[in-house]
Asker: 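Dropping a structure here in structure tokens format, bear with me for questions.
All residue numbers refer to positions in the sequence shown, counting from 1. Each ligand, and each atom within it, is numbered from 1 in the order the structure gives. The figures that follow rest on heavy atoms only: side chains count, while hydrogens, waters and symmetry mates do not. Here the structure is a predicted model, which means the values were calculated and not measured.
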Amino acid sequence: MSASRPAAAVRVPIELGERSYEILIGERVLDDPASYDGLPRAASAMVVSNPTVSALYGARLHAMLEGRFARVLHVDMPDGEAHKDWASLDRIFDALLAQACDRKSVLFALGGGVVGDVAGFAAACYMRGVPFVQVPTTLLAQVDSSVGGKTAINHPRGKNMIGAFHQPLRVIADLGVLDTLPERELGAGLAEVIKYGPIADAAFLDWVESHLDALLARDKAALAHAVRRSCELKAAVVGADERESGLRAILNYGHTFGHAIEAALGYGEWLHGEAVGCGMVMAADLSARLGLVPQAFVERMRRLVARARLPVAAPASIGAGRFVELMRVDKKAEGGEIRFVLIEAPGRAVQRAAPDALVRQTIAACSA
Ligand code: NAD
Ligand code: GLY
């Protein structure tokens, strides 16, 4: 770490009335005292992380919190999607109770989407809700999961099925931490970056296509733009529909197929972003079968997802019957009818049901 002062953060506001907050994006915002200005001065801070991320960044976050809080506590949950479960949640509650943390205690989620989702859910539940701050350390978490207040754990029958809406007080997204991210995790994060263009911003889709090589090479300027634009687009959607009564569902482009893949294979076998990448190709394919987009759009999505080193075909071993059964558990399903996020044109998404026969054709065409 250099001794120079961190550069001023880019600030992306999330406008949610009294629950409004900012996403701070920049190199070394983690080490900038200004990133913590205005947070409550409670007696206790509890950092929730995992052993991988704690070893890399725990000391830096603790250094910023000490002095602001009388006690800076720490609990690690095991690493991995398979641990986005009751046991990890319980471990956090145990740590909070064992240290007699009161309802003003502030939780800091230091890690990727798994830590963020579990720590956020713990914050939503502990003493009926305590404040929390997201410190996302994966690309996926910086462009998506740390923003918008969805928190959850998985259930063996369905992804993210047990959870709550609970907005963070702030998101501190340090681009420098992405240097240590494994290649596979970078690709998984790119899936959620790719998602925003087709659903909300055709120009951003063009930009991602022309800068994908720079993003894969971790070019800092390209990453900064990708994180900022993704957050701006997500902020607009969440600001308009915080609790997903309609519009917010478009953020789940690729997720209906993707969640089914994750659940079918067992959580952690495919990374979430990998399943979303493949799911976006499948949702594009279904959009084309419904006559919403030309086949050329499906090929465009397939090319882009493949260039991001993500899978473009689901495992044939899942089979159409199991696929459909798992998708019926999707949170967007209504009365057992699956509602897909489909593309009408680059930059414009729609949510609707599709005939079972077409869904099965998509599964057959996009499995290998
Ligand atoms: P993850 O949290 O499992 O992190 C990926 C891996 O990278 C882990 O092994 C982690 O320890 C490691 N890691 C994290 N930061 C690192 C760093 N800087 N350097 C080196 N290693 C690092 O996975 P993810 O892709 O961040 O998150 C996926 C989860 O996010 C899924 O459970 C998904 O459902 C959830 N999600 C939630 C939302 C939401 O709105 N709440 C949105 C999208 C995804
Ligand atoms: N990642 C989907 C959402 O935040 O709504």
Asker: Has Glu192 got any heavy atom lying under 4.0 angstrom from an atom of ligand 2?
Answerer: no
Asker: Does only the side chain of Val147 get under 4.0 Å from ligand 2, or the backbone, or both, or neither? Count heavy atoms.
Answerer: neither
Asker: In order of chain and number, which residues sit within 4.0 Å of ligand 1 by heavy atom?
Answerer: Asn50, Thr52, Val53, Leu56, Tyr57, Asp79, Glu81, Lys84, Gly112, Gly113, Val114, Asp117, Thr137, Thr138, Leu140, Asp144, Ser145, Lys150, Lys159, Asn160, Val177, Thr180, Leu181, Pro182, Glu185, Glu192, Lys234, His272
Asker: In chain order, what residues pass the ring pair (Phe, Tyr, Trp, His ring centres under 6.0 Å) check against Tyr196, with sequence neighbours excluded?
Answerer: none
Asker: So which protein heavy atom does atom 1 (N) of ligand 2 come closest to, and at what separation?
Answerer: Asp144 OD1, 3.2 Å
Asker: For a 4.5 angstrom cut-off between non-hydrogen side-chain atoms, does Leu39 reach Phe108?
Answerer: yes
Asker: Using the side-chain contact (heavy atoms from CB on, under 4.5 Å) definition, which of the options Asp285, Ile343, Leu292 pairs with Phe297?
Answerer: Ile343
Asker: Any nitrogen or oxygen of His255, side chain or backbone, less than 3.5 Å from one on ligand 2?
Answerer: no
Asker: Please identify which atoms of ligand 2 are closer than 4.0 Å to at least one heavy atom of Lys150.
Answerer: 2 (C), 3 (C), 4 (O), 5 (O)
Asker: Between Asn252 and ligand 2, is there a nitrogen or oxygen pair with a distance under 3.5 Å?
Answerer: no
Asker: Which residues pass the side-chain hydrogen bond (donor to acceptor under 3.5 Å, both in side chains) test with Glu183, not counting sequence neighbours?
Answerer: Arg218, Arg309
Asker: Looking only at side-chain N and O atoms, does Tyr126 offer a donor or acceptor that is under 3.5 Å from a partner on Ser105?
Answerer: no
Asker: Among residues at least two apart in sequence or on other chains, which ones pass side-chain hydrogen bond (donor to acceptor under 3.5 Å, both in side chains) with Asp94?
Answerer: none
Asker: If the cut-off is 4.0 Å to any non-hydrogen atom of Lys234, which atoms of ligand 2 fall inside it?
Answerer: 1 (N), 3 (C), 4 (O)
Asker: Can you tell me how far OG of Ser35 sits from CD1 of Ile172, rounded to the nearest 0.5 angstrom?
Answerer: 5.0 Å
Asker: Could you grab the distance from atom CG of Leu286 to atom CG of Leu358, nearest 0.5 Å is fine?
Answerer: 6.5 Å
Asker: Where is the tightest heavy-atom contact between Val143 and Ser230, given as atom of each residue plus distance?
Answerer: CB-CB, 3.7 Å
